[in-house]
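Worth saying up front: this structure is predicted, and the values here are computed from it rather than measured. Only this structure's heavy atoms are used, side chains among them; waters, hydrogens and symmetry mates stay out.
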Amino acid sequence: MTFDDEERPARRLTGPVDHGVAAVAFAVALLVLWQVFRPLSQGSQFYLIVFLAGVLPLVFLAYRSGLRLPDRLTSRLPARLAPRVPDPDGPSPSRRDLPTVADWLLAGLALVVCLYPVVPLTFGNAGGGYDAFLDRQGLLAPVDVVMGALLLVLLVEACRRTTGWILPVVCLVFLGYGYYGGLLPQTWAVAHAGLDFGQIVDAFYNSASGFYGTPLDVAATYIVLFTIYGAVLDLSGAGRFFVDLSVAAFRRSRSAAGRTAVASGFLLGTVSGSGTATAVSVGAVTWPILRRAGYPAEHAGGMLAAAGVGAILSPPTLGAAAFIVAEYLEVSYLTVLGWAVIPTVLYYLGILLAVEIDARRFKVRPVEVAAGSAWRLLARFGYHFSSLVVIVVLLAVGVSATRAVVYATGLAVVLSFLDRRSWLTPRRLFAALAAGVRGVLPVVAVCAAAGIITATTTKTGLGAQFASLLVRGAQALADNPTVVLALTVVFAAIALSLLGLAVPVTASFIIGWVIIGPALLALGVPAPAAAMFVFYYSVLSEVTPPTALAAVGAAAITGGRTVPTMWQALKYALPAFLAPIAFVLTGPGEYLLGRGAPLEVLWAGLVGCLGVAALAVATGGWLLGVGPARRFERVLAALAGLLLLYLHPVSIAVGVALIAIAVLTALARRRRTAKADPAGPAGTTSEESADQGGTDPAGPADRDSTAGGGEPAAEGKVTGSRGQESGSRGQESGSRGQEFGSSSGEEAK
């Protein structure tokens, strides 16, 4: 079972239904490719109508309703008509998981309602084809209103099936605000003149800001093409190669297990662009290695979740919201990739430092993994990187993002024939194109439903009103412009974090941009910095308790407790929560987005790296090269990290001074410890596990024999440094403490 950031588990269709859905998805893929090189002459909105007509019915066939009929009703239905899956979380292997009659009816209704604007049939004063439908904008016929209302209901239901209840409720709240907002006291800032139902449906169904607005346009052009590219690249063997390369590259060092997980998350993320899916995929391969090395289950799950979420932040295939950033700001996708480079480096630097710290805190053991040479893997399968490079090169020479990804997809298809195991024969290519379209179904449902939010905000002016409220709230607490900006940024960060708890990443960005973005722009924050600020906080909701989906997926793999896994994921990703604030708080913050002279970008990047390192010390409780950091040093490191990320000369100087004091204090204590205990190596006493300040809730208990969750750590072939050990599943052999478990052959394979 695979998971995606924006979706609930889909049906596992079989038989003729599966073939039919795959055929329709393949036809939609061909339409998308045709649109890249031969756009439909009627315009982009006509294409979006046809695209949604092909995709929306598939949602009702591929995703369960999750609703149960009363037993007294289902017992009277024929067996072939009864719902096959009463459990909304998925079917048992023994049950058939096929669409019900209601699903087929909804799919047929969705097809009719979506195609209504372009069908050249006249229904009284309605219908008449696409041009006649556009001519009635602002003055819809009753049939138009009915069709628009039906599409509204269908999109809300499709969104509920793919993402759960929260986003549909949010959409209905905006709908209610548009209809009843005129009844609010006109002295309220959020009150408006009021809209009747016909005006609301017109804004949703027959305008550029509704269902067929920018979010759906991005999903139907950019996102679906990159999803197809990811499916092709995965079937060509790239995903397997990226994980194998990470395992081979770090197989000898003490922190190799953690480094392997992080590197695998980064490389695999370039293919998937999905945080939860990457965390689950990487965890399935690297969790046995992490367990044998001695990582507790919750810490390993947090590491996997944080590394997986980085997939949405990593060029060249950022998450879906990145394409919307490019569209809203009217810049090229390559420009957005450039903005994401330094923040991605800072994000993974924080995770890698946390990995190195945990390797020392938990005294993890080196793990010998049966893997070939990294150089041989690169020589044999390094061609998988070529399509990723081609995307960047083509974007750099001025090729559009849509054509660049199509060319890269074609290159991946050709290169697949270099490995007989991964030949993309016509049948497998058909499966890849169909899988790419099926993988984008949840995003399409979210983007189309987001039209309810954007159209209501545009029609009522809610964005400007809410931005004014946010700024006035900050001004009520302070008069200084710098303090007002800082308070507004903090309020915006909190609001985005809370919003991300409830809705998927794409919807979180859309809502955040139309509601919170105007507040930042009103205070003079440049549009790129404001957009990337909203983007990063929307993405980081994936590791924010209590609804961190990436952590939930990782916990399912490691068997760890879900809530502690969420807190560990938050610890690993904590520096990333503070870096976006640097984008908007000071002028030099834009340098972290690569916007500035090369020397300015360089010094800002170096200071940002130092700030992230200080925050890693504060959260991990360890100074690399020195030893454990007590509470005093950790407080100094936390203050230093905050001051360094402010990117002001005075704050940088104070931050560096605080780091120096923390290091000197830790060194002095290490010397005192060495004098008091000359028998042991300096800095390796019991202080390694003392005074961790509550950052290790799972605790390193029983690390010698277990690795979280009470499971034996001795599984497979382990190279240790603690002498002879005896695992519950292994036998001792040799003077180096090698343990051979009963499953070593399978793990080596």
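With Arg160 contributing its side chain and Val169 its backbone, the two residues share no donor-acceptor pair below 3.5 Å. In this structure, the side chain of Gln137 engages the main chain of Asn206 through a donor-acceptor pair within 3.5 Å. With hydrogens and angles ignored, the 3.5 Å screen pairs a side-chain donor or acceptor of Thr454 with a backbone N or O of Ser209.
Val490 has its side chain within reach of Ile494: a pair of non-hydrogen atoms, C-beta onward, lies under 4.5 Å apart. By the 4.5 Å heavy-atom criterion applied to side chains, Val119 and Tyr130 are not counted as neighbours. Counting only heavy atoms from C-beta outward, the side chains of Ile453 and Ile515 never approach each other to under 4.5 Å.
Results of the side chain to side chain contact (heavy atoms under 4.5 Å, CB included) test with Ile223 over Ile228, Val218, Thr506 single out Val218 as the only residue that passes. For the ring pair (Phe, Tyr, Trp, His ring centres under 6.0 Å) with His192, the qualifying choice from Tyr179, Tyr180, Tyr177 is Tyr177, the only one to do so. Checking Val156, Thr163, Leu155 one by one against Cys159, the side chain to side chain contact (heavy atoms under 4.5 Å, CB included) holds for a single residue, Thr163.
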Report the C-alpha distance between Val471 and Leu523 in whole Å, list the side-chain angles of each, state the deciding distance to 0.1 Å, and finish with yes or no for side-chain contact (heavy atoms from CB on, under 4.5 Å). CA-CA 8 Å; Val471 174; Leu523 293 175; 4.0 Å; yes
Test log, rule side-chain contact (heavy atoms from CB on, under 4.5 Å), inputs Val331 and Trp339: CA-CA 11 Å; Val331 298; Trp339 295 343; 4.1 Å; yes
Let's go through Asp144 and Tyr116 carefully: what are the C-alpha distance in whole Å and the side-chain angles of both, what is the deciding distance for side-chain contact (heavy atoms from CB on, under 4.5 Å) to 0.1 Å, and is it a yes or a no? CA-CA 9 Å; Asp144 299 333; Tyr116 165 76; 2.4 Å; yes
Given side-chain contact (heavy atoms from CB on, under 4.5 Å), test Val444 with Val224 step by step and report yes or no. CA-CA 9 Å; Val444 171; Val224 66; over 6 Å; no
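Residues in residues 101-110 take part in these salt bridge (Lys or Arg N to Asp or Glu O under 4.0 Å) pairs, two or more places apart or across chains: Arg11-Asp103, Asp103-Arg161.
No hydrogens or angles considered: nothing links the side chains of Tyr47 and Asp217 as a donor-acceptor pair under 3.5 Å.
Closest approach of Leu195 to Gln199, counting heavy atoms only: CA-OE1, 3.4 Å. In terms of heavy-atom proximity, Ala326 sits nearest to Val336 at CB-CG2, 3.7 Å.
Aromatic pair Tyr347/Tyr536: centroids not less than 6.0 angstrom apart. Taking the six-membered ring for Trp and the full ring otherwise, Phe133 and Phe46 have centroids separated by 6.0 Å or more.
Atom OG1 of Thr460 and atom CD of Gln465 lie 6.0 Å apart (nearest 0.5 Å).
Ring pair Phe509/Phe535 is perpendicular by interplanar angle, where above 60° counts as perpendicular and below 30° as parallel.
The environment of CG in Leu183 is crowded: more than 12 heavy-atom neighbours from other residues, nucleotides or ligands sit within 6.0 Å.
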